[in-house]
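Notes to accompany the following structure.
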Amino acid sequence: MNFKKIEKKWQKIWEEEGIYKNYQRPKKFYVLDMFPYPSGEGLHVGHSRGYIATDVIARYKLMNGYSVLHPMGWDAFGLPAENYALKNKIHPKIAVDKNIKTFKKQLEKFGFTYDWEKEINTTDSNYYKWTQWIFLQLFKRGLAYESFEPINWCPSCKTGLANEDLEDGKCERCGSEIEKKPLRQWVLKMTAYAEKLLDGLRDLDWPESIKEQQRNWIGRSEGAEIEFRIKNLELRFKVFTTRLDTIFGCTYLVVAPEHEIIKDLELRIENLGEVKKYIDETKKKSEIQRMDLAKEKTGVELKGVKAINPFSAEGGSASGGNNEEIPIYVADYVLGHYGTGAVMAVPAHDERDWEFAKKYNLPIKCVIKPYVYPVNLNKHPQSDDEFWGQKNPELNKILSGEIFYNKDGNLIDSGQFTEMNLEKAREKMAKWLEENKFGSRKINYKLRDWVFSRQRYWGEPIPIIKCEKCGNVPVLEKNLPVKLPNVKSYEPTGTGESPLANIKKWVNIKCPKCGGLAKRETNTMPQLSGSSWYYLAYLIKKNKKYEWNKKEIKKWLPVNLYVGGVEHATRHLLYARFWHKFLYDIKVVSAKEPFKKLMNQGLILAEDGRKMSKRWGNVVNPDDIIKIYGADTLRLYEMFMGPFDQAIMWNTDGVRGMHRFLQRVYKLVQNFHAYRQAGKFEVESYNAKFKNDKLETLLHQTIKKITEDIENFRFNTAISSLMILFNEIEHANSAPSRSLSSRFGNANAPMRIEYFKTFLKLLSPFAPHLSEEFWSDLTSDSDNGRIKYKSIHREKWPKYNPKLIKEKQFELVIQINGKLRDKVSVPTGISQKEAEKIVLKRQKISEELVGEKIKKIIFVQNRLINIVI
RNA sequence: GCCGAGGUGGCGAAAUUGGCAGACGCAUCAGCUUUAGGAGCUGACGCCGCAAGGCAUGCGGGUUCAACUCCCGCCCUCGGCACCA
């Protein structure tokens, strides 16, 4: 049977009838796929897993009376497209257009419910006009700024990169080792939204792992900033700590090599040469070398300068004002960009400081006395004796600083805070700091601002004009978009300027403010900018253009369901939330968060267990599968192969199994058809005599199960119960010669077409083409030359009757001492007394019970009976 | 090191509140049918055992009439973060 022909036929009819484009219903559902980057390799079966799932949901929601928005588009700017173009000597625009065509052709074969009128493309100037517009809004509010900091530089891609674009200190795109390079950059102040981004996570229906990843990435930590004074100087500098409670154990300070205090102290540092040499050496180290944990800690003391711990300073009375002097070190284990770039070192209670102190022979002062019971608080004490009686065996080592201790206890040797527990001490000490103006409570984040410039051609131009007189001037909104000029040579320059800098005609422009000579900004935006608002673009697209439309945005947002790969956890999903929160603050969108519910699809691995890749030659192209088995088979298989969010290996044999299943459905339809032609059954609603039979019970159980499974993304079990239902329908409707009476009673019952029709509805979200075909076979009436037919996709989703899902009989499990011994079919709702009577009479059981004394009998309603002897 | 997810047949996996472990599918085997085919149908299929029965959900304990499920302690795999003070 050629399913492919059937599929093509229905795809055409659906498109013509616009069967999905019903946007007027009161209930709405916005279901979104992460739009693909159209690579040259085309779509493989791993990509389609998510698309199939959203399509199942979209069709299911349509049948449940929702307006469903299910759009698709292309994320086509960015490095990969450009690198591909460079390699193959094709202009990126041409390459991208070609790839999009291929992708679209591939997608169309699946029979998805996309509304192609809403198709978007981030490289369309009508589209990126708004990407640029959003940038301007950020700029106008001071959230886009220029910076000259050293940033991550990929020597191979010849561009700067954001923190989020690195993997293990390497370029996420090409794998080259990243260098630090000082470069003029545009940066977005994402850190201003750190707290909001963190807060917003709370109410999102996202996988916990993704939320946790974002929390870690944002990296909030509560602590305090403390000011240390330099002895005999008016200089002060701050350190950040989360362990203020350990401050009396601080025996030295460490500043990062980048720290500016070093310059301020130059005249006082006795070993300046040595210090400078050390700083130069760390500069030479790559990020990877500096991050290497295995390596020993290094550092140099700033000789001749001392700092004074404010808790021992004269001004404060915390410990009696002995003006304790502590040495200052420069060491690269302290990061310049986090906190204040300086830390107070407490070797007794911090592993890193402890290592450093050991190496350089610095004093280690213990200020926490562990509680008496064993250090391992995770392990429950087995006895009172163990709990109270035994001293911490390592106590002396801890007190002497021989080992570091970072668990709970009480403070010792800490002035007025001695004896306090750690949490209380942190609180009191912070108060003391603030009262005596030596510092304050402080919250720090690991999150860094988004480095937003790329020194490359294939991206949205940053809409800024650089005027010598007026500085950075935004392009007037009415002059947007700033179109990316079409050029022949778009090789990256490597100079820190983009290839656009060479296009004099484009670069030179009048300043919009003063009218004087000025130049355009030649940096372009990163790949992830276009995708940071695309879910809005679908809503505001109108006749191939885009017009900001708050009403439409309000109608559809937030996205009800967003499906895509887990790899976007801390990149796209964070950026998009950042932009959205900003747009919310300037009141151009109405929802606080863009994506209410998120689902991650698991990776599909190749049959050899590796990732699908051109490199390994193990890519499975959906076209090839559809050609042989049809799209519905592929759809069904991808939904059946395993839990949706789990990585799983492709198995072509499994595809055949699904095909077999659909073939059997097809055969049964033919059977029905033949019977119908012969007038052997009437198309009637099922009549009373079939009510309450086993098949009906199963039908209602299945409706319930599949409805719940689809809602919960358990497509694999949904399909499995669909198969079970079908097996029984097939069985009940096959020739009487088969022994079906045992299962469903009346072998001579006429065809139960209503049951089968319900089955088709349940099947339709998964296998839309074939269920449509079969549906029309069984429902259309072409006798008088006119085909009367209503699409199965316009049918209502079946409802189950709670009364009918209960079985009349069930198999009572009989256990003796918890072990299965026998089973017996009894009426549902049987009482313990009745059950005991039946059970004890059974031969197998009575034999077992000979000479035994029954201790008790456990009875679980409608389930089992357990005789304890 | 920290955080998160997970560990069940030959394979992908199921298993409501603790209640028949292995549903459904793949592969395999046997038979039928057929006819060449990678087709169809019927049946078997966790391990040991002829059987009765016993043993089985990463390992070791515990709670319970009853544990894949709950508690304690380990081991392993995958993903993320990683000198963030």
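Order of the sequence lines sets the chain letters (A, B, ...), proteins ahead of strands, with each chain counted from 1.
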Is the Phe356(A)-Tyr329(A) ring centre distance short of 6.0 angstrom? yes
Indicate, yes or no, whether a donor-acceptor pair under 3.5 Å links the base of C20(B) to the side chain of Lys823(A). yes
Is any side-chain N or O of Lys297(A) under 3.5 Å from a base N or O of C83(B), one able to act as donor and the other as acceptor? yes
Contacts table for residues 334-345 of chain A: side-chain donor-acceptor under 3.5 angstrom, sequence neighbours left out:
{"residue": "His337(A)", "atom": "NE2", "partner": "Arg448(A)", "partner atom": "NH2", "Å": "3.4"}
{"residue": "Tyr338(A)", "atom": "OH", "partner": "Ser221(A)", "partner atom": "OG", "Å": "2.9"}
{"residue": "Thr340(A)", "atom": "OG1", "partner": "Lys238(A)", "partner atom": "O", "Å": "2.7"}
{"residue": "Thr340(A)", "atom": "OG1", "partner": "Ala342(A)", "partner atom": "N", "Å": "3.4"}
{"residue": "Thr340(A)", "atom": "OG1", "partner": "Ala342(A)", "partner atom": "O", "Å": "3.2"}

Can you sort out the partners of [X] under salt bridge (charged side-chain N to carboxylate O under 4.0 Å, His left out), two or more places apart, ordered by chain and number?
| X | value |
| --- | --- |
| Lys359(A) | Glu296(A) |
| Asp449(A) | none |
| Arg49(A) | none |
| Glu607(A) | none |

So OG1 of Thr828(A) and NZ of Lys806(A): to nearest 0.5 Å the spacing works out to 9.0 Å
Applying side-chain hydrogen bond (donor to acceptor under 3.5 Å, both in side chains) as the test, list every pair that has at least one member in residues 636-647 of chain A; sequence neighbours left out. Ser48(A)-Glu638(A)
Classify Pro207(A) by what it touches in the nucleic acid, base, sugar-phosphate, or nothing, heavy-atom distance under 4.0 Å. nothing
Base, sugar-phosphate or nothing for Thr570(A)? Non-hydrogen atoms, less than 4.0 Å. nothing
Protein and nucleotides 51-57 of chain B: nitrogen or oxygen contacts under 3.5 angstrom:
{"residue": "C55(B)", "atom": "OP2", "partner": "Lys819(A)", "partner atom": "NZ", "Å": "3.2"}

In residues 810-818 of chain A, which ones come under 4.0 Å of RNA chain B, going by heavy atoms? Val813(A), Gln815(A)
For RNA chain B, which residues of residues 858-869 of chain A approach it to below 4.0 angstrom with any heavy atom? Ile858(A), Val860(A), Arg863(A), Leu864(A), Asn866(A), Val868(A)
Answer yes or no: is there an ion pair linking Arg656(A) with Asp653(A), defined by an N-O contact shorter than 4.0 Å? yes
Please determine if Arg215(A) and Glu208(A) form a salt bridge, counting it only when a charged side-chain N lies under 4.0 Å from a carboxylate O. yes
Dot-bracket for RNA chain B, 5' to 3', counting Watson-Crick or G-U wobble pairs under 3.5 Å, with [ ] for crossing pairs and | for inter-strand pairs? (((((((..(((......[....))).(((((.......))))).(((....)))..(((((..]....))))))))))))....
Gap between atoms CG and P, on Leu698(A) and A23(B) respectively (whole Å): 17 Å
Send over the distance from Asn712(A) CG to U16(B) C1', rounded to a whole Å. 13 Å
Detail all sub-3.5 Å separations between protein N/O atoms and N/O atoms belonging to nucleotides 2-5 of chain B.
none

Protein N or O to nucleotides 25-34 of chain B N or O, pairs below 3.5 Å:
{"residue": "C26(B)", "atom": "OP1", "partner": "Arg660(A)", "partner atom": "NH1", "Å": "2.8"}

G53(B) to G49(B) separation - C1' atoms, rounded to the nearest Å: 8 Å
